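The analysis underlying the following values was restricted to heavy atoms, covering all of them including side chains, and did not include hydrogens, waters or symmetry mates. If you're wondering where the values come from, they're calculated on a predicted model, not measured in any experiment. So you know, we letter chains A, B, ... as the sequences are listed, proteins then strands, and number each from 1.
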Number of protein chains: 2
Amino acid sequence: MEITIKTLAAELGLSIATVSRALQDSHEVADKTKKRVLEMAKKLNYHPNPYASSLRKQKSKTIAVIIPEIANNFFSFALKGIQKVVEKEAYNFLVYLTEEDIAKEIAITKQLQSGRVDGIIIALSSQTDSVRHLWDLHNMKIPIVFFDRVCDEIEASKVYTNNFESAMNATDHLIENGCKRIGYFQLSNKLSLAERRISGYRAALEKYQIGFDEELILTCGTNVEENHQRIKKLISEKAIDGIFASVETLTITSYDVCKDLGLSIPGDMKIVSFSNLATAHLLSPPLTTINQPAFDMGMEAASLLFRNLTRYNPHPLVKKSEFKSVLIARESSALTQE
Amino acid sequence: MEITIKTLAAELGLSIATVSRALQDSHEVADKTKKRVLEMAKKLNYHPNPYASSLRKQKSKTIAVIIPEIANNFFSFALKGIQKVVEKEAYNFLVYLTEEDIAKEIAITKQLQSGRVDGIIIALSSQTDSVRHLWDLHNMKIPIVFFDRVCDEIEASKVYTNNFESAMNATDHLIENGCKRIGYFQLSNKLSLAERRISGYRAALEKYQIGFDEELILTCGTNVEENHQRIKKLISEKAIDGIFASVETLTITSYDVCKDLGLSIPGDMKIVSFSNLATAHLLSPPLTTINQPAFDMGMEAASLLFRNLTRYNPHPLVKKSEFKSVLIARESSALTQE
């Protein structure tokens with residue numbers, strides 16, 4: 001005989017609705033009742049439905065974390081936050097690196113369709129302009145949490161920072177300290193995060209009635225030498241006096257280029273960067289950063305994922321969790337004498 | 001009928017020894033003969049022995065990389081090297097972090113005994129003072145390559161740098177530039193790597209007839225604030241004029257402590273560090289580093305592992321691969337006026 005919710009309800013003398021709510025851990029049901037329902041479910045070897053049952057049998061006690069890059073302090077601190085939660089839950093996590101390559105991201109997600117992991121935390125690669133591979137996972141009901149570089153189309157929990165506001169504040173800060181032509185350097189023009197940051201940058205320019213010049217937006221790649229040449233060219237040809245970098249690797253290159261060109265920071269060039277560099281305060285000059293709370297964001301992403309892993313839930317939690325980044329002003333963007 | 005090497009030899013009209021060598025890809029056998037043997041082995045569905053056969057069936061096409069820490073440029077560059085080889089072989093790799101905790105290392109290796117991966121690359125945690133958990137894996141014939149923080153006891157392929165020589169050169173460099181009391185800061189006193197580095201440090205002191213003072217060796221932990229206090233105490237109480245750090249995190253803390261104490265680098269304190277920090281040349285002052293060829297070491301470790309993964313081999317390759325680190329002298333250790 002197949003054990004259904006109806007069987008449980010009959011055995012317990014409760015309504016089907018109550019049993020269903022108890023199994024979903026609803027706050028509308030008393031703890032005592034929940035306990036009775038769970039005990040009976042266990043006794044009768046009740047499985048909520050075939051799919052959930054097969055899921056439970058397959059539990060790998062492992063989650064996947066897919067990130068573009070590991071030599072980046074933001075992602076490495078985030079991993080520590082994820083690790084903290086994962087350990088508490090007695091789970092394991094596996095790190096997959098896409099190296100900013102959508103082909104690798106697709107290959108990894110294909111592989112995860114086999115059920116190797118119970119859930120996935122992903123930060124998209126800078127080249128990810130289509131998320132069909134993620135729809136496949138989503139449609140298989142493998143829980144996903146999007147992290148930092150989120151995807152707008154898929155309805156799932158997301159953890160990110162106030163990108164519009166942070167970019168606006170950073171640009172505002174540079175203008176207040178005297179910049180008139182600010183270059184914005186990024187790794188991607190495909191992510192929604194990129195759009196939001198550029199919107200924030202533009203909003204600050206508008207506030208000060210500075211025209212937006214598309215040619216001051218530089219979208220770099222992963223080749224450091226190429227980035228160096230392109231940044232050098234832009235600085236030389238466009239006479240920019242400020243740099244707003246969306247990622248620390250482009251900031252390191254910007255420092256190098258300024259050295260090459262004999263430009264003093266902050267005298268000739270002011271720099272602000274999204275960065276969690278451990279050495280930011282020790283650089284020459286110390287770097288003004290927009291710090292993202294990477295560790296806390298990692299913990300939140302893992303916590304949201306576990307909300308949808310640890311028990312059968314026909315209505316998975318979908319939460320959008322926005323964290324605030326903090327601008328830490330240091331010498332690289334300081335006001336200087338004309 | 002069971003297909004053995006004898007069957008193959010009879011079918012092919014070759015000696016058993018030749019067939020055996022051909023299956024081991026020996027250079028003593030002509031390629032043409034090897035090809036014939038392999039084709040026949042395939043045709044007859046030959047399995048070298050039951051264990052190898054079960055191994056082959058289980059192939060996960062995945063290797064594990066166990067490292068202590070990810071917010072460390074040495075390990076993140078090494079991972080890129082590993083990734084390069086792994087992709088070429090159409091394998092995947094999973095990253096496990098021990099966070100310098102032997103308990104986590106043991107838990108991870110226990111889990112890997114299930115055959116989840118085909119092989120393992122591991123850098124020991126700084127707290128690993130017993131390798132029983134690794135003997136278990138080794139005895140199960142799961143191929144292991146030790147990386148950087150190697151273990152002396154177990155006979156397996158190892159990839160590491162010339163730690164004795166590097167430490168001696170770094171100490172020599174500090175003495176040549178005027179240091180008389182050099183502190184050595186490390187994360188572990190349990191690894192063989194630590195022993196070698198300290199021996200190198202001592203050898204340089206002896207060369208200049210400087211007495212060895214055990215109290216100048218500081219073994220730190222993973223708590224940054226505690227490390228800060230301990231380094232501050234040592235600098236204050238022991239009047240050291242040089243720091244040789246075995247890991248970049250302790251160097252960052254040393255810079256901070258010098259700032260706190262109003263000590264100028266390199267005037268009052270000279271610093272050299274094992275480090276692959278991308279910002280070393282941009283620090284104030286630029287940091288003298290001992291660079292380990294992390295990327296190449298990662299590629300070598302993965303290549304050695306695949307030598308023992310990709311075909312049945314009763315005599316797995318055991319190779320010790322020593323790489324040379326390079327001292328890059330920058331301002332943090334420069335000769336200054338008295």
When heavy-atom pairs shorter than 4.5 Å are enumerated against chain B, which of [options] gives the highest number?
{"options": "I108(A), V65(A), L94(A)", "answer": "L94(A)"}
{"options": "T279(A), L282(A), V95(A)", "answer": "L282(A)"}
{"options": "T62(A), L277(A), T251(A), T249(A)", "answer": "T62(A)"}

Heavy-atom pair with the smallest gap, counting every atom of L283(A) and S284(B):
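Reported closest heavy-atom pair: O-CB, 3.9 Å.
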Can you give me the closest heavy-atom contact between H281(B) and K259(A), atom names plus distance?
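Closest pair (atom of H281(B), atom of K259(A), distance): O-NZ, 3.3 Å.
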Check: F93(A) and L97(B) side chains under 4.5 Å, non-hydrogen atoms:
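Yes, their side chains come closer than 4.5 Å.
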Decide side-chain contact (heavy atoms from CB on, under 4.5 Å) for K61(A) and Q111(B); before the verdict, give the C-alpha distance in whole Å, the side-chain angles of both, and the deciding distance to 0.1 Å.
CA-CA 11 Å; K61(A) 293 288 242 175; Q111(B) 192 195 332; over 6 Å; no
Members of residues 72-84 of chain A whose heavy atoms come closer than 4.5 Å to chain B
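Under the 4.5 Å heavy-atom cut-off, S76(A), F77(A), L79(A), K80(A), Q83(A) qualify.
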What part of E248(A) gets within 4.5 angstrom of chain B, counting heavy atoms only: side chain, backbone, both, or neither?
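No part of it gets close to chain B.
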